[in-house]
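This report concerns only the one structure given below.
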Amino acid sequence: MSQQTEFFGNGQMCEPEVIVPVLVPVAVAGAYSYKVPADMDVRPGSIVRVPLGPREVIGAVWDGEPDTKVNPKRLKSILHVYDTPPIAEDLRKYIDWVAAWTLGAPGMVLRMVLRSEEALEPEALLSGVRYIDGMQPDRMTPARSKVMELVENGMAWTRPGLAGAAGVSSSVIDGLKKQGVLEEAMLPATPPLPDPDPTLPGRKLTDLQEGAANQLCEAIGKGFKAFLIDGVTGSGKTEVYFEAVAEALKNNEQALVLIPEIALTNQFLDRFEQRFGVRPAEWHSQVPPKRRARTWRGVANGEVKVVVGARSALFLPFHRLGLLVVDEEHDTAYKQDDRVPYNARDMAVVRGHISGFPVVLASATPSVESQVNAKLGRYTKIVLPVRASGAEMPTIKGIDMRCDGPERGKWLAPALVNEIQETLTNGNQVLLFLNRRGYAPLTLCRTCGHRFHCENCSAWLVEHRFKGKLVCHHCGYSQPVPDKCPECSKPDTLVACGPGVERIAEDVSALFPEARVLVLSSDLPGGTERINREMKLVETGEVDIVIGTQLVAKGHNFPLMTLVGVVDADLGLANGDPRAAERTFQLLAQVTGRAGRIHGKGRGLLQTYNPDQPVIKALLSGNPEEFYAAEIESRENAGLPPFGRLAALIVSGADRSLTEKFSKTLAVNSPSSEGVQILGPAEAAMALVRGRYRFRLLAIAPRSVDLQGFLRNWLSAAPKPTGGIRVQVDVDPQSFM
DNA sequence: AGCACGCCGACT
DNA sequence: GTCGGCGTGCTC
């Protein structure tokens, strides 16, 4: 029984109870209400522990009035206020904005901010040892005297630290402790990392880079402004925005750099260290909990100056953030699909807008919506059209496979083979790019025409000859390659159709038996470590021909690589994805951009059946603007909503079978002639939210149909699955800011 | 009867 | 997101 009720019971006067809204990690629309104990002091943003049902959770006191509709007798009290800076007002606003935008619960967005529970408690002390003044061991040995020298001044050491510094094993320390020479001591938390030094000289910038850097630096400390750095591979975008980071540091502000993949962090940290003398703090899912907690605290109290991280770093409680950079802004890894679905690139711009600092998006192949935003004047575009090294961009040529293709059963056109030969003769490296793992994407029976499908998802099974398996690239199902057809039982009748990287390797080995060939794809046994090792080999020139999937499109630099051959430039262009053209353009531009990056004179060769396709044409002309213009026009012609509006909407849920069933019904009943759902402007999302349904479907359609009405009817007639609704809106939020 | 599992609603 | 309650269906 709480003190307050006792007061009431005694019939005494008492202060009115203070009730505050508290955001809890529950998928509900708003905050819950809690009582504040008389001796407790909270304000909006205070991070608190509260009872919730049978358990205790971490939440935050929120803005606004507490919910009055709830029975006051049911209100529980806040248990504890954490001794950590309250969530600042701008971050609270941001959390509410993201929740509203993603149609998610604000409490779930808050959860992303409070992801490190450990961070809320003060850092635990480390156990170690200290010299007890005046004590001596019974017998002095060389090892012991080394230790004694170090501890004599009374400083506390961790056991491994002391053993390492003295060059002895830790059993020496244990021995001294047993003898009462050393005593157990608690060490203060690990000292903070030294600050990055913005005054170090850094790499010499070209005039162009310097101009760009100045533009960014001028914006530091002057409120929100969004930039799009559109710079070709090798143009030195990183060096340019490093100057902006330096400027923010000089301005006594923090900086956050988002990168799309954890795999690229190490390289990035090295480059950062070269410029700033120390490594920045790292933030992603693989950072161990202790270090995570330390970084979280450091970010919150302002001790950590620069963070480099994955998309989740966007929700760190920065003390004074002054710059946000989104590197490789077009990368789809910025999209989170589960829980709160968001695109970190867009939410970065929103965060800058709300908190009032500049945001820099950088890419060699910007997303179409960022190009449009630049065109509309929302972003200031900075173009870096040439490489910082002075090396020329590769010349890109097409090979028309309809007339200049290879003989049947081969995959490399004679023109490409000649170029490979020439490149090898000159002692340079070749990259053959094919975004398809395995040996062959389809296996069929020559006799009865049977095709191997996946049992679960009906996709074709991809043959992996090296493993001797047929694998489904959708769900991971695999089976051994049978020796006879399962349909007609005839032996030796199965044929592989089409190429994967393994099959290209077979061709290459036949054509260039002397060459050192390496196949790089994500299914390489040995995982990421192995891939990194192999990449190093390529870097140092120990490989002549690399055959790779999209894995080779980014990351390591290959100084000797002068020829990039794209085995199937049309691949991915006709897969029904509304972003197929954009993705293909980005991928091929990135991968051909690897040719001659350091020394210039690189060449790219695209094998294609569609030389007139806008993507291919733009790549061949070397003018990306051509692609963007064509893509924007074609989307408009296709009746897709204008940019900044809803382009696709995904309602997602856990129940797969239900999802599929519903998508089918929806497709059949759709009022659109193509059997697709309609996506009008963003309000369609709102119509959906009013239902309480759970399934996943992708909806794209002309705007002429009444989607809202249709979906509302359809949803009310459909059987009622349980759970909440999640909506991913693949829209550019700039239009709503 | 006893319990494993999945579904569903409540949580201030 | 997480928990407890409860119904279904299977086993000792």
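Residue numbering restarts at 1 for every chain, and letters A, B, ... go by the order of the sequence lines.
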**OP:** Could you tell me whether R345(A) sits above the aromatic face of Y334(A), with NZ or CZ closer than 6.0 angstrom to the six-membered ring centre and within 45 degrees of the axis?
**Re:**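 No, cation not above the ring by the 6.0 Å, 45° rule.
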
Whole-Å gap separating [atom2] ([N]) and [atom1] ([X]):
X: L52(A); N: dG1(C); atom1: CG; atom2: P; answer: 14 Å
X: N71(A); N: dA10(B); atom1: CG; atom2: C1'; answer: 15 Å
X: L79(A); N: dT12(B); atom1: CG; atom2: P; answer: 12 Å
X: Y32(A); N: dT2(C); atom1: OH; atom2: C1'; answer: 12 Å
X: W62(A); N: dT12(B); atom1: CH2; atom2: C1'; answer: 17 Å
X: K76(A); N: dC11(B); atom1: NZ; atom2: C1'; answer: 8 Å
X: E56(A); N: dG1(C); atom1: CD; atom2: C1'; answer: 16 Å
X: R49(A); N: dC11(B); atom1: CZ; atom2: P; answer: 22 Å

Original post:
Quick check: does any side chain N or O of W62(A) sit under 3.5 Å from a backbone N or O of V20(A), one acting as donor and the other as acceptor?
Top reply: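 Judged by distance alone, no pair lies under 3.5 Å.
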
Original post:
Would you say Q254(A)'s side chain and V304(A)'s backbone share a donor-acceptor pair under 3.5 angstrom?
Top reply: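 Judged by distance alone, yes, a pair lies under 3.5 Å.
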
Original post:
Taking the side chain of P54(A) as heavy atoms from C-beta outward, which of dC3(C), dT12(B), dG1(C) is closest to it?
Top reply: dC3(C)

Original post:
So does K554(A) pair up with D331(A), basic N to acidic O under 4.0 Å?
Top reply: yes

Original post:
Do any side-chain nitrogens or oxygens of R74(A) fall under 4.0 Å of OP1 or OP2 in dC11(B)?
Top reply: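 For dC11(B), OP1 or OP2 has a side-chain N or O of R74(A) closer than 4.0 Å.
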
